[in-house]
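For reference, the structure is listed below as structure tokens.
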Amino acid sequence: MTTIIEDTAERLSPAQRAVTEHLRLTAAGNVDEWLDLFTVDGVLEFPFAPTGVPARLQGRDALAAHMSHFPENFDVEFVGLEFHETTDPGRIVAEFRSVGTAVPTGKPYEQVCISVVYVNDAGLITRYVDYWNPLIAIEALTPDADIASADLAGNFGG
């Protein structure tokens, strides 16, 4: 859950609303509705992606393929959401934490994230740059017995 409460939703900027919905739908595992937050050619970027994991995905088909397994891999909620305004109303910086479990291993999954999100005039995401630590996801998804030989190109969501 985010720290944004429902009665303030009408006061959110389009970029803030897009991020809030992104977090809500991701936590709920609702990939189909999540895709509707993006433009047809929307971009999702992972600047810290390890070798073997795409650093950039573009278009709804690529986004769907990547996120389709997220609900099977992670049971999370997002907390501590803070927005940092920019001079561009179509861009927002969001800082938040994910708290939950890696489903296949039952190990805790806690991550600090910073996202830079761009929206168009309709409030749809054109570009979502997700700064998170892939090593935390690898650790959570790797059984303890296999951690020394963990495959850094593991399956995070897609």
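For clarity, every value in this text was computed on a predicted model and none was experimentally measured.
The same ILVMFWY cluster, assembled from side-chain heavy atoms under 4.5 Å apart, contains both Ile125 and Leu35. Hydrophobic clustering, with ILVMFWY side chains joined whenever heavy atoms are under 4.5 angstrom apart, keeps Ile138 apart from Val103. With hydrophobic clusters built from ILVMFWY side chains whose heavy atoms lie under 4.5 angstrom apart, Leu23 shares a cluster with Trp34. Tyr131 and Phe70 end up in different hydrophobic clusters when Ile, Leu, Val, Met, Phe, Trp and Tyr side chains are linked at under 4.5 Å. A chain of hydrophobic side-chain contacts below 4.5 Å, direct or via other Ile, Leu, Val, Met, Phe, Trp or Tyr residues, connects Leu63 to Leu25.
Across His66 and Leu44, no two heavy atoms sit closer than the pair CD2-CD2, 4.4 Å. When all heavy atoms are compared, the tightest approach of Pro14 to Gly123 is CB-CA, 4.0 Å. Closest approach of Ala102 and Ala140 over heavy atoms only: CB-O, 3.2 Å. Considering every non-hydrogen atom in both Val31 and Met67, the closest pair reads CG2-O, 3.4 Å. Heavy atoms only, all atoms of each residue included: Leu81 and Ala94 are closest at CD1-CB, 4.0 Å. Minimum interatomic distance between Pro54 and Ala49 (heavy atoms only, all atoms of both residues): O-CB, 3.8 Å.
A heavy-atom distance below 4.5 Å is not found between the side chains of Phe74 and Thr26. Val129 places a side-chain heavy atom less than 4.5 Å from the side chain of Arg127. Looking at heavy atoms from C-beta onward, Thr126 lies out of side-chain contact with Val43 at the 4.5 angstrom threshold. You'll find the side chain of Pro104 reaches within 4.5 Å of the side chain of Asn73, heavy atoms only. Put simply, the side chain of Leu124 does not reach to within 4.5 Å of the side chain of Val119, judged on heavy atoms. Residues Glu82 and Phe96 form no side-chain contact, since every pair of their non-hydrogen atoms from C-beta on lies 4.5 Å or further apart. A 4.5 Å side-chain heavy-atom check between Tyr109 and Ser98 finds at least one atom pair inside the cut-off. In this structure the side chain of Arg11 never reaches within 4.5 angstrom of the side chain of Arg17, judged on heavy atoms.
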> Between Arg24 and Glu77, does a salt bridge (Lys or Arg N to Asp or Glu O under 4.0 Å) hold up when you go through it step by step?
Replying inline: CA-CA 8 Å; Arg24 182 183 71 80; Glu77 65 178 325; over 6 Å; no
> Should Glu85 and Gln16 be marked as a side-chain hydrogen bond (donor to acceptor under 3.5 Å, both in side chains) after you check the CA-CA gap, both sets of side-chain angles, and the distance that decides it?
Replying inline: CA-CA 9 Å; Glu85 299 294 334; Gln16 290 172 329; 2.8 Å; yes
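With no hydrogens or angles considered, no side-chain donor-acceptor pair links Gln58 and Glu45 at under 3.5 Å. Looking at Tyr128 and Ser115, their side chains do bring a donor and an acceptor atom within 3.5 Å of each other.
Atom-to-atom distance recorded for Ile92:CD1 and Ser13:OG is 5.0 Å, nearest 0.5 angstrom. Here Gln111 contributes atom CD and Ile136 contributes atom CD1; the two are 4.0 Å apart, rounded to the nearest 0.5 Å.
In this structure, Asn133 places its CG atom where more than 12 heavy-atom neighbours from other residues, nucleotides or ligands lie under 6.0 Å away.
Legend: residues meeting side-chain contact (heavy atoms from CB on, under 4.5 Å) with Thr86, ordered by chain and number and at least two apart, are Asp88, Arg91, Val93.
Side chain of Lys107 to main chain of Thr142: a donor-acceptor pair is present (N/O by atom type, distance under 3.5 Å, no hydrogens or angles). Arg60 places a side-chain N or O within 3.5 Å of a backbone atom of Phe38 that can act as its donor or acceptor partner.
Ring pair Trp132/Phe46 is perpendicular by interplanar angle, where above 60° counts as perpendicular and below 30° as parallel.
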